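All remarks here apply to the structure that follows.
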Amino acid sequence: MDDRAGGAARPAPAVAPGDACRTRVVLDIVGDKWSLLVVRNLRNGPRRFTELKKAVDGISQRMLTVTLRSLERDGILTRTVHGVMPPHVSYELTEMGRTLREATAPLLEWSVAHLARIDEARAAYDAR
């Protein structure tokens, strides 16, 4: 990264040993099986629980609830209860959630682009 005044590269900030452990905890949370898929499905704005359930193939109702609560607790999304009858709840990415979405979009795109090759590699490996 360039320093604004002199154009020289700035050293990366030092990471304290305790911070490295805490980073692993955060990566475990956002890198679990479902979190990034939920974040991806919130990219176009708020969605209701049932919309997310349909969009995230294979997730159970219980697992979606657990994932949404975890992401809300970590400040990745917000949960809004709308005062209508019957009441409904929507979920939306926070600013931090949007930056997570931007940071992980290339990984998700890579995954989709390489699914067939991964399937082929697994089949070849399993055939040995």
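Quick caveat: nothing in here was measured; it's all calculated off a predicted structure.
For the atom pair Thr50 OG1 and Arg47 CZ, the distance stands at 9.0 Å (nearest 0.5 Å). Distance check, rounded to the nearest 0.5 Å: CG of Leu93 to CZ of Arg101 gives 9.0 Å. Separating the CG atom in Leu68 from the NZ atom in Lys53 is a distance of 12.0 Å, to the nearest 0.5 Å. Here CZ of Arg43 is found 13.0 Å from CD of Glu102. Values are rounded to the nearest 0.5 Å. Rounding to the nearest 0.5 Å gives a distance of 11.0 Å between CD1 of Ile76 and CG of Leu42. A distance of 6.5 Å separates CG of Asn41 from CG of Leu52, quoted to the nearest 0.5 Å.
Across all their heavy atoms, Gly75 and Met96 have their closest contact at O-CE, 3.4 Å. Residues Arg48 and Glu51 share a closest heavy-atom pair of N-OE1, 2.6 Å.
In the hydrophobic clustering of this structure, Val81 groups with Phe49; members are Ile, Leu, Val, Met, Phe, Trp, Tyr whose side-chain heavy atoms approach within less than 4.5 Å, directly or through other members.
Side-chain atoms of Thr67 come within 3.5 Å of backbone atoms of Met63 as a donor-acceptor pair (strictly under, hydrogens ignored).
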Which atom pairs, one a donor and one an acceptor, fall under 3.5 Å between side chains of residues 27-38 and the rest of the protein, sequence neighbours left out?
unit_1 : atom_1 : unit_2 : atom_2 : d
Asp32  : OD1    : Trp34  : N      : 2.8
Asp32  : OD1    : Ser35  : N      : 2.7
Asp32  : OD1    : Ser35  : OG     : 3.0
Asp32  : OD2    : Ser35  : OG     : 3.0
Ser35  : OG     : Ile29  : O      : 3.1

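Of the charged side-chain nitrogens involved, none lies within less than 4.0 Å of a carboxylate oxygen, so that Arg69 and Glu72 do not count as a salt-bridged pair.
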What's the verdict on salt bridge (charged side-chain N to carboxylate O under 4.0 Å, His left out) for Glu120 and Arg117, showing C-alpha distance, side-chain angles and the deciding distance? CA-CA 5 Å; Glu120 290 169 10; Arg117 290 178 63 191; 6.0 Å; no
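By the neighbour-count criterion of 12 heavy atoms within 6.0 Å, atom CG of Asp126 is densely surrounded, having more than that number from other residues, nucleotides or ligands.
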